[in-house]
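Notes to accompany the following structure.
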Amino acid sequence: MQNLINILDFLPEELEDKIQPMFRVKQIYQWIYQKYADNFLEMSSLPKNLREELNKSYYFDALKCIFKEKSKDGSIKYLFELKDGLRIESVLLPMKKEKFDEKGKRIAHAKFTICVSSQVGCKSGCSFCLTAKGGLKRNLSAGEIVAQILYIKKDNQIPYERRINIVYMGMGEPLDNLKNVAKAVKILSCNDGLAISPRRQTISTSGLAKQIKELGEMNLGVLLAISLHAVNDELRTELMPINKAYNIATIMEAVRKFPIDQRKRVMFEYLLIDGINDKIEHAKELVKLLNGIKAKVNLILFNPHEGSLYQRPKLENAIKFQDLLSQKGVTCTIRESKGLDISAACGQLKERIKTS
Ligand code: SAH
Ligand code: SF4
């Protein structure tokens with residue numbers, strides 16, 4: 001059983017070098033990502049000896065679910081164990097319910113977003129974030145990122161062709177693991193696989209300007225989200241030490257150069273923390289900062305955790321903040337606090353389940 005390789009780590013063209021010809025690779029991809037096979041031996045359209053060889057060299061059960069919790073709003077949080085025993089979290093977020101007409105015929109499918117982790121832990125050290133607490137343990141491989149989506153789709157019997165959105169907003173800083181995240185984007189978008197277009201994948205970053213530039217140069221077609229959280233460098237550095245390396249001006253310059261689909265916008269996440277950054281002056285400064293950028297703002301209400309330094313903002317302040325942005329023409333939503341009852345902000349489930 002030792003030295004098996006995670007087959008989810010490979011793009012079709014990479015597998016072609018190992019398993020010829022290409023049509024066999026396509027079949028394997030389809031079995032794994034579209035027919036949701038459990039093992040190689042059941043891949044009945046492959047010759048028996050190939051199935052046995054694959055079984056001796058590869059695996060694709062990269063994750064073991066050790067805890068799963070459903071929130072009242074329908075979101076499902078997963079705690080996964082990797083092959084080396086480290087743990088990560090992912091969340092399934094139902095965005096829209098399925099719709100039926102008066103005769104009971106389905107007229108619209110349910111819509112889902114899956115939030116994935118990109119690292120075990122994180123080295124960015126943001127003061128409000130639980131993932132920051134233990135520092136960075138290691139990067140996830142591309143296949144370990146892909147495995148989260150595969151597991152969750154399979155577990156919820158979401159047919160492979162159903163469109164879903166991916167957000168890299170779980171544990172870790174995706175741009176600190178750019179190579180593997182970029183590869184995961186490509187594997188996820190393969191037509192013989194899960195076929196999730198890069199335009200349905202959003203990479204969220206604490207603002208690593210150098211890597212934003214690199215990601216832009218890759219021209220993958222992914223969407224970008226910036227975790228801004230503060231409008232001046234002094235406060236931002238207090239909340240997010242990474243701001244010392246890349247200040248607000250540097251991040252905005254990288255964002256302005258980032259290639260983005262004409263119809264799309266860069267998302268700015270703004271975590272509202274009671275009494276810290278939720279005043280109307282902050283909203284006004286935010287409007288100025290976003291001037292000239294095709295932006296949309298997503299206000300997040302701080303989700304307190306044990307030992308956290310901060311408080312949840314008052315809803316009325318969040319609404320005033322949103323109103324000001326909207327009046328000034330900035331598209332702005334308040335992120336529904338999905339899964340609040342199940343500790344849905346990143347790192348919070350792992351911290352709570354300390355069993356081994
Ligand atoms: N490292 C990346 C992506 C993972 S964090 C980033 O920082 O963008 C995903 C989002 O969760 C970030 O916007 C982060 O600020 C937010 N977050 C972290 N801790 C939170 C908390 N306690 N309550 C609400 N949101 C939180
Ligand atoms: Fe890392 Fe993002 Fe948490 Fe900051 S908010 S510590 S960048 S995961």
Side-chain angles (χ1 to χ4, degrees), residues 75 77 88-91 93 113-140 145 148 166-178 180-181 184 201-209 211-212 215 222-230 235-246 251 254-255 266-274 276-278 296-313 318 333-352:
S75 47
K77 181 121 184 171
I88 52 161
E89 297 177 17
S90 325
V91 192
L93 301 154
T113 293
I114 296 177
C115 173
V116 292
S117 292
S118 55
Q119 295 181 311
V120 186
C122 182
K123 68 176 182 208
S124 295
C126 302
S127 62
F128 48 81
C129 175
L130 207 51
T131 303
K133 259 177 111 185
L136 175 67
K137 296 274 180 350
R138 72 168 172 89
N139 282 334
L140 293 185
I145 297 170
Q148 298 168 57
I166 307 297
V167 291
Y168 295 80
M169 293 183 186
M171 300 169 75
E173 167 51 55
L175 295 191
D176 191 35
N177 184 17
L178 178 56
N180 294 347
V181 167
Q201 303 188 44
T202 302
I203 295 182
S204 174
T205 176
S206 54
L208 310 189
Q211 286 89 333
I212 294 174
L215 178 69
V222 284
L223 303 182
L224 183 66
I226 304 288
S227 289
L228 192 64
H229 308 336
L235 178 58
R236 193 165 192 273
T237 303
E238 204 181 303
L239 299 174
M240 308 175 76
I242 187 78
N243 198 64
K244 276 183 251 159
Y246 302 106
I251 299 170
V255 168
V266 174
M267 186 203 283
F268 286 84
E269 294 162 276
Y270 192 96
L271 183 67
L272 288 166
I273 307 174
D274 188 41
I276 305 279
N277 63 357
D278 61 345
K296 60 178 176 187
V297 173
N298 200 345
L299 297 173
I300 313 168
L301 309 184
F302 173 68
N303 201 14
H305 44 85
E306 221 183 284
S308 66
L309 302 165
Y310 309 112
Q311 308 294 323
R312 202 175 159 73
T333 49
I334 299 182
R335 184 183 296 174
E336 279 177 74
S337 299
K338 284 194 179 292
L340 252 192
D341 54 325
I342 56 161
S343 7
C346 64
Q348 296 193 7
L349 184 68
K350 184 165 165 280
E351 215 33 49
R352 197 153 64 73

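Numbering of ligands and ligand atoms starts at 1, following listing order. For the single chain, residues carry numbers from 1 onward in sequence order.
Cys122 lies apart from atom 4 (Fe) of ligand 2 in this respect, since none of its N, O or S atoms is found at a distance under 2.8 Å.
The backbone and the side chain of Asn303 each have at least one atom closer than 4.0 Å to an atom of ligand 1 (non-hydrogen atoms only). Only backbone heavy atoms of Thr205 (N, CA, C or O) come within less than 4.0 Å of ligand 1; its side chain stays farther off. Using a 4.0 Å cut-off between heavy atoms, Glu269 contacts ligand 1 through its side chain alone, with no backbone atom that close.
Annotation: Gly172 places an N or O atom under 3.5 Å from an N or O atom of ligand 1; distance criterion only. Considering both main-chain and side-chain atoms, Tyr168 never comes within under 3.5 Å of ligand 1 through any nitrogen or oxygen pair. Where the criterion is an N or O separation shorter than 3.5 Å, residue side chain and backbone included, His305 fails it with respect to ligand 1.
The backbone N or O of Val222 sits nowhere less than 3.5 Å from a side-chain atom of Gln201 that would complete a donor-acceptor pair. Looking at Asn177, its side chain does come within 3.5 Å of a backbone N or O of Leu140 through a donor-acceptor pair. Listed for the His305 side chain is a donor-acceptor partner under 3.5 Å among the backbone atoms of Phe128.
Atoms of ligand 1 found under 4.0 Å from any heavy atom of His229 (numbered from 1 in listed order, with element): 13 (O), 14 (C), 15 (O). The Ala132 neighbourhood of ligand 2 comprises atoms 6 (S), with distances under 4.0 Å to a heavy atom of that residue. Of all the atoms in ligand 2, the ones that sit under 4.0 Å from a non-hydrogen atom of Ser124 are 1 (Fe), 7 (S). In summary, the atoms of ligand 2 found under 4.0 Å from a heavy atom of Ser206, numbered by their order in the structure, are 7 (S). Heavy-atom contacts of Phe128 reach the following atoms of ligand 1: 15 (O), 18 (C), 19 (N), 22 (N) (cutoff under 4.0 Å). Those atoms of ligand 2 with a heavy atom of Cys126 less than 4.0 angstrom away are 4 (Fe), 5 (S), 6 (S), 7 (S).
Residues Met240 and Ser227 share a closest heavy-atom pair of CE-O, 3.5 Å. Considering every non-hydrogen atom in both Tyr246 and Gly207, the closest pair reads CB-O, 3.4 Å.
Residues Thr205 and Gln211 bring no donor and acceptor atom of their side chains to less than 3.5 Å of each other.
Between Val297 and Leu299 the shortest side-chain heavy-atom distance falls below 4.5 Å. Leu223 is not listed as a side-chain neighbour of Met267, based on a closest heavy-atom distance of 4.5 Å or more.
Within the structure, the closest approach of Gly172 to ligand 2 falls below 4.0 Å when heavy atoms are considered. Ligand 1 has Gly170 within reach: a non-hydrogen atom of the residue lies less than 4.0 Å from it.
Take Asp278 and apply the salt bridge (charged side-chain N to carboxylate O under 4.0 Å, His left out) test, not counting sequence neighbours, and it matches no residue. Under the rule for a side chain to side chain donor-acceptor pair (under 3.5 Å), Ser118 has no partner lying at least two apart in sequence or in another chain.
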